[in-house]
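Encoded as structure tokens, the structure appears first; notes follow it.
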Protein chains: 2
Amino acid sequence: MSSASDAELAPLIRKLESIATLSDAARHAVCELPMSVRVLEPEHDIARDKEQPAHCCVVLTGWAYRYKLLNEGRRQILSFHVPGDVPDLQSLHLKVMDHSLATLTQCRLGFIPHESLHALCLHFPDAATALWRDTLVDAAIFREWMTGIGRRTAHGRIAHVFCEMYVKLNAVGLAENHRCLWPVTQVNIGDALGLSNVHVNRVMQDLRAQGMIGRQGRELIIHDWDALCALGEFDETYMHLERKAAA
Amino acid sequence: MSSASDAELAPLIRKLESIATLSDAARHAVCELPMSVRVLEPEHDIARDKEQPAHCCVVLTGWAYRYKLLNEGRRQILSFHVPGDVPDLQSLHLKVMDHSLATLTQCRLGFIPHESLHALCLHFPDAATALWRDTLVDAAIFREWMTGIGRRTAHGRIAHVFCEMYVKLNAVGLAENHRCLWPVTQVNIGDALGLSNVHVNRVMQDLRAQGMIGRQGRELIIHDWDALCALGEFDETYMHLERKAAA
DNA sequence: CGACCGTTTGATGACCGTCAATCAGGGTGG
DNA sequence: CCACCCTGATTGACGGTCATCAAACGGTCG
């Protein structure tokens, strides 16, 4: 456990400013939030279904994801999270977790007490607005995933998730030139999109064969952005970014 | 267009109090909100994708639903709404609609200007909390639908949506004894759950044949609540109700 | 170099979509 | 009062997308 510093909270500020406008006072107040930092190994739960956490978690480095478990080992991944995200922000007003939160890769995480966030919201209405707005964007992304899982083909779903994660990373300065780190396994993609890993594999081979995507070391390369967007019917409006993401 | 009165806003108060606690002052302030009332026929859009509404809409009577359209006429229904719901509350902080909102049945709707809601939130923090919480419960329901569409069988999904809507109606006093009005067509159910109307039909026949559900006039009857919950792996935790729903 | 994790491949078939008719009930008009 | 119509429910035939099971492969790391 260590204490927060301006540099530690930079990802959070960057993220909030990608979806909202903060006054100087609010930005400063956010930087002053007390935070304890911890490093967790890959595939470790941060918060579990049914728990009642007393703090929110900011992803500082690495990727995390939220998921629900069903009977017979079925699993649904609800979202992927990257630096700057606060994946359990909803716990501020929903006492009981209705899903779990885990690290995907090794992560540096910052934990901020609920009471500090409540105080922030009370004294800085535009900080409150930014956080509320963050949870609303979260919901907008759920809606988009829902329509993908419900009504898109496997090809469309997979194309869509690549587009979305690229834009998400690009918005916080962690990706450009249609390349980004891609630590998500095919099993993970399957659990996120309601597909089997086998089918994900076949579809991804297909996308590679068609020259839409490629891989270089640990990076995903999107060779044909327009084609991928068309295939996934991707339109970033639902992400509600304040600034335009670079194409 | 007419003006609001206490009686008009009763459904909203009831809904907010089903998921949050309001101070007397806040409850009073909500009742004082300016609202214009309109009646819309079934299957009429209330707000459309890409629009920038300037007010939120309270369902006073009737059912509404949100949906997204994709190419080739595919459609995903995102949620069903009943009296008390504010289906476009997210528009308070997300300027551009990323989906559409329509009436399912004939509806009496109350429209409240965004500016009035912003003022309410500024002056009554616990009203702000209740509204924020409402959008968070909304998101929690999206997550649940997502896992249903992604990982449940057609039988499970359909069972689940019956359980959910019954609990939702029961929470605002519009259903009891495992019966409720059911104006949702099989096509609607299909679009909500990522299924074809034909398949919905076959599964529902199956559920009827197994004695789990029935119909009486315009009412849905759940004959075997426990079996339906088990089939749909339904656990109402994710709805985050303040008071226990009657079983 | 062996173990492990993730990817890849093959074979089989179930679940569910599509297409196309038909049926049934409630509302309307002659 | 009944023919007509419209919407929604129902049925049948057929096939595709995708799941499942099982095994092999390959890169990475200790």
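In what follows, every chain begins at residue 1, and chains take the letters A, B, ... in the order their sequences are listed.
The residue A/R74 sits apart from the nucleic acid: no heavy atom pair falls under 4.0 Å.
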Write down the protein N/O and nucleotide N/O pairs, taken from nucleotides 11-18 of chain D, whose separation is under 3.5 Å; answer none if there are no such pairs.
| residue | atom | partner | partner atom | Å |
| --- | --- | --- | --- | --- |
| D/dT11 | OP2 | B/Q205 | OE1 | 2.3 |
| D/dT11 | OP2 | B/Q205 | NE2 | 2.7 |
| D/dG12 | N7 | B/R202 | NH2 | 2.3 |
| D/dC18 | OP1 | A/A154 | N | 3.3 |
| D/dC18 | OP2 | A/H199 | NE2 | 3.2 |
| D/dC18 | O5' | A/H199 | NE2 | 3.4 |

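Where A/M204 and A/R151 meet DNA chain C, the nucleotide closest to each residue was compared, and A/M204 sits on the side nearer the 5' end.
In this structure, B/N197 atom CG and D/dT7 atom P are separated by 15 Å, rounded to whole Å. Rounded to whole Å, the distance from CZ on B/R215 to P on D/dT10 is 9 Å. A straight line from CD of B/Q186 to P of C/dA24 spans 15 Å, rounded to a whole angstrom. Spacing between atom CG of B/L207 and atom P of D/dA9 amounts to 15 Å, rounded to whole angstrom units. Distance CG (A/D191) to C1' (D/dA19): 13 Å, rounded to an integer number of Å. Atom C1' of nucleotide D/dA19 and atom CG of A/L70 are separated by 16 Å, given to the nearest angstrom. Straight-line distance from the CD atom of A/E43 to the P atom of C/dC4: 18 Å, rounded to whole Å. Atom CH2 of B/W182 is separated from atom P of D/dG8 by 15 Å (rounded to the nearest Å).
Taking the six-membered ring for Trp, B/F142 and B/H99 have ring centres at least 6.0 Å apart. Ring centroids of B/W145 and A/W145 are separated by 6.0 Å or more, keeping the two rings apart.
A donor-acceptor contact shorter than 3.5 Å is absent between the side chain of A/E144 and the backbone of A/Y238.
No hydrogens or angles considered: a donor-acceptor pair under 3.5 Å links the side chains of B/N188 and B/T185. Side-chain contact, A/Y166 with A/E236: no donor N or O sits under 3.5 Å from an acceptor N or O.
Remark: of the listed residues A/D138, A/D98, A/D49, A/D138 is the sole one forming a salt bridge (charged side-chain N to carboxylate O under 4.0 Å, His left out) with A/R66.
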